[in-house]
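A short write-up of the structure that comes next.
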Amino acid sequence: MGRNMALPLLLALAALVASLPSGSVATAGTAGAFDSWLSANQKDFAINQALYAKKAVGDTGSTIDESLSKAEDNKTTYVVDPKGGGDYKTITAAIDAIPEGNTGRVILDLKPGEYREKIFLNLSKPYVTFKSDPKNPAIIAWSDTAATLGKDGKPVGTVGSTTCAIESDYFVAYGVVFKNDAPLAKPGAKGGQAVALRTFGTKQAFYNCTIDGGQDTLYDHKGLHYFKDCVIKGSVDFIFGFGRSLYENCRIVSIVKEIAVLTAQQRTKTIEGAIESGFSFKNCSIMSEGGGDIYLGRAWGDSSRVIYAYTEMSKEVVPVGWDGWNIKQPESSGIYYGEFKCSGPGSDARKRVGWAVDLTEAQAKPFIGTHYIFGDSWILPPPTGNSPPSKKGSSGGAPATSPASSPESADSASSPESADSAASPKSASSASSPKSAYSAASKTKKKEL
């Protein structure tokens, strides 16, 4: 992911805007529109609260989806061991054995070791769990980049670079490492995107997982997602996508000496139409292993939305905090970047760009709980206990006879967003300084999908 702009000009403008009082850059008309946007989020929260309260009234008081409840009552375990001690040696083989349209929870008990394979879990196989020991985890690793050539001789692109693509609903992962170990792209290098994990299905939860890569590490593509106690490592735009996701107690780590950008949340809609997506970070920590400056996020679309609450920010977080990318008037476009009661040397909201929001408690409340992702209906405790005994091939139907879809088929994912025809990255010369490195790594106006 990249952008086409001169960084020195950006920094000069950012410094000018940051010197203004919050909200002072907007005209009366645009300020009114943005105030309506803030109010719409609070109204949406109130409606959701009422719906949950109504649903919970009944004999059981349970709010969990009926289909999910039934799936949890019908669990099957496949033991996967790369050393040959289980039902399957590869995750792909275990996925192949799950029947299409399964209605019971299928737990893949992943024994420790490296699984050197590209994983694609199709939307036709819901209720799947990848379970491992976080102290001695299963590591799912591959090394494709967007520039890697596919079977047709053409670059696979950002989506095709993915190590593990999860398109099924009600997926859970516990204690697993998702890794793209391609060499870190040089600043400005063409096709350096290297996705470790792509989450496309909805109602997916990740507990105690590590998502490790460089540029574009986590493609939070679409749907409701919950990340808790996870570690996410990367360089540029390493949490990006259309998702509506809550990150709780997660460690967000920049690995570069140059300039890192944590998020690139995409939304190009009217302000009113953008309420269904956005990233919320609660009780997280932001730090740098490489020592380079860190931007909290940049706008991949004119209604991008990212919130940080109760998050500790290291000194590497730049004072201006946010970047409008190629949005000409971020103060009036509908970009919603907010912070609430964050801490650490990089957390001073008074120094942020003028169009970022220092949230009040009422404004922050819609984002700082599992209610933000409608979690009352699908989030369950992490699967830390013993799994049911292995029942190879008995998850509610005959084992599938055809192999799981190829990772390359993810390029034709079943949503309008995944079919976006964004321009391919243009080549750019490598840069030697942190500022020019960030500019060189950002030469594209649209993400290549």
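These figures come from a predicted structure and were not determined experimentally.
To the nearest 0.5 angstrom, Ser69 atom OG is 7.5 Å from Ile64 atom CD1. Within the model, atoms CD1 of Ile107 and CZ of Phe130 stand 12.5 Å from one another, a figure rounded to the nearest 0.5 Å. Note: Asp133 CG to Asn208 CG = 10.0 Å, rounded to the nearest 0.5 Å. The structure places SG of Cys250 at 12.0 Å from NZ of Lys282, a figure rounded to the nearest 0.5 Å. Atom OG in Ser235 sits 5.5 Å away from atom CD1 in Ile255 (nearest 0.5 Å). Here the OG atom belonging to Ser347 is positioned 8.0 Å from the CD atom belonging to Glu339, to the nearest 0.5 angstrom.
Glu316 and Ser314 share a side-chain donor-acceptor pair at under 3.5 Å. The closest side-chain donor-acceptor pair between Gln204 and Trp378, if any, does not fall under 3.5 angstrom. Side-chain contact check for Thr129 and Arg105: at least one donor-acceptor pair (N or O, by modelled atom type) lies under 3.5 Å. In this structure, a donor-acceptor pair under 3.5 Å is absent between the side chains of Asp109 and Thr77. Remark: the Asn122 side chain and the Ser124 side chain contain an N/O donor-acceptor pair separated by less than 3.5 Å. In this model, no donor atom of one side chain and acceptor atom of the other lie less than 3.5 Å apart for Ser304 and Gln266. Of the N and O atoms on the side chains of Lys233 and Thr217, not one donor lies less than 3.5 Å from an acceptor on the other residue.
Here Tyr170 and Tyr127 bring their ring centres to under 6.0 angstrom of each other. Checked against the 6.0 Å centroid criterion, the rings of Tyr219 and Phe240 qualify as a close aromatic pair. No close placement of the Tyr226 and Phe206 rings is indicated, their centers lying 6.0 Å or farther apart.
Arg305 places a side-chain N or O within donor-acceptor distance of the main-chain N or O of Ser277, the cut-off being under 3.5 Å. Ser254 places no side-chain N or O within 3.5 Å of a backbone atom of Gly292 that could act as its donor or acceptor partner. Ser280 places a side-chain N or O within donor-acceptor distance of the main-chain N or O of Phe367, the cut-off being under 3.5 Å. Remark: side-chain polar atoms of Lys125 are paired, donor with acceptor, to backbone N or O of Ile98 under 3.5 angstrom. Formation of a donor-acceptor pair under 3.5 Å by the Tyr207 side chain with backbone atoms of Thr384 is not found in this model. When atom types are taken as modelled, the side chain of Ser168 and the backbone of Pro126 share no donor-acceptor pair closer than 3.5 angstrom. Put simply, the side chain of Asn180 gets close to the backbone of Val195: a donor and an acceptor are under 3.5 Å apart. Without hydrogens or angle criteria, Tyr88 side chain to Ile95 main chain gives no donor-acceptor distance under 3.5 Å. When atom types are taken as modelled, the side chain of Ser285 and the backbone of Glu312 share no donor-acceptor pair closer than 3.5 angstrom.
Taking a cutoff of 4.0 Å between a charged side-chain nitrogen and a carboxylate oxygen, Lys365 and Glu361 do not qualify as a salt bridge. The pair Asp237-Arg298 meets the salt-bridge criterion, with a side-chain N (NZ, NE, NH1 or NH2) lying under 4.0 Å from an Asp/Glu carboxylate O. Between Arg244 and Glu276 there is no salt bridge, since no side-chain N of the basic residue sits under 4.0 Å from a carboxylate O of the acidic one. Using a 4.0 Å cut-off between charged side-chain N and carboxylate O, Lys70 and Asp65 make no salt bridge.
Residues Val80 and Asp87 have side chains not in contact (no heavy-atom distance under 4.5 Å, counting atoms from C-beta outward). Under the 4.5 Å side-chain criterion, counting only non-hydrogen atoms from C-beta, Phe227 is not in contact with Leu246. Taking the side chain as every heavy atom from C-beta outward, Arg352 and Asp358 never approach each other to under 4.5 Å. At least one side-chain heavy atom of Arg116 sits less than 4.5 Å from a side-chain heavy atom of Asp181. You'll find the side chain of Ile239 reaches within 4.5 Å of the side chain of Tyr247, heavy atoms only. Using a 4.5 Å heavy-atom threshold, the side chains of Trp322 and Ile335 count as separate. Taking 4.5 Å as the limit, some side-chain heavy atom of Ile91 sits within range of a side-chain heavy atom of Glu117. Contact annotation: the side chain of Val177 never approaches that of Ile140 to less than 4.5 Å [non-hydrogen atoms, C-beta and beyond].
Minimum interatomic distance between Pro134 and Pro137 (heavy atoms only, all atoms of both residues): O-CD, 3.8 Å. Looking at every heavy atom in both residues, Ala138 comes nearest to Ser132 through N-OG, 2.7 Å. Here the shortest heavy-atom pairing between Glu114 and Ala141 reads OE2-CB, 3.9 Å. Heavy-atom minimum distance, Thr145 versus Ala194: CG2-CB, 4.3 Å. Looking at every heavy atom in both residues, Leu359 comes nearest to Phe340 through O-CD1, 3.3 Å. Contact detail for Pro82 and Gly113: the closest heavy-atom pair is CG-CA, 4.4 Å.
Partner of Ile307 under the side-chain contact (heavy atoms from CB on, under 4.5 Å) criterion, out of Phe281, Tyr336, Tyr372: Tyr336 alone. Checked options Thr162, Thr92, Asp144; the residue passing with Lys118 is Asp144 (criterion: side chain to side chain donor-acceptor pair (under 3.5 Å)).
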Begin from the C-alpha positions of Lys75 and Ser387 and carry the test side chain to side chain contact (heavy atoms under 4.5 Å, CB included) through to its verdict. CA-CA 9 Å; Lys75 295 181 180 178; Ser387 299; over 6 Å; no
Given side chain to side chain donor-acceptor pair (under 3.5 Å), test Gln193 with Ser161 step by step and report yes or no. CA-CA 7 Å; Gln193 300 93 334; Ser161 73; over 6 Å; no
Stepwise side chain to side chain contact (heavy atoms under 4.5 Å, CB included) check, Leu380 with Glu72: CA-CA 10 Å; Leu380 298 172; Glu72 294 301 315; 3.6 Å; yes
Show your reasoning for whether side chain to side chain contact (heavy atoms under 4.5 Å, CB included) applies to Arg198 and Thr163. CA-CA 8 Å; Arg198 182 171 73 91; Thr163 296; over 6 Å; no
Given the rule in the ring-ring contact (aromatic ring centres under 6.0 Å, His included) test, do Trp142 and Phe178 qualify, once you have shown the distances and angles that lead to the verdict? CA-CA 9 Å; Trp142 201 255; Phe178 301 93; over 10 Å; no
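With sequence neighbours excluded, no residue forms a side-chain hydrogen bond (donor to acceptor under 3.5 Å, both in side chains) with Tyr115. Legend: residues meeting side chain to side chain contact (heavy atoms under 4.5 Å, CB included) with Asp169, ordered by chain and number and at least two apart, are Thr202. With sequence neighbours left out, the side-chain hydrogen bond (donor to acceptor under 3.5 Å, both in side chains) criterion links Ser245 to Asp220, His225.
Dense packing is recorded around CG of Asp73, with more than 12 heavy atoms of other residues, nucleotides or ligands lying under 6.0 Å away.
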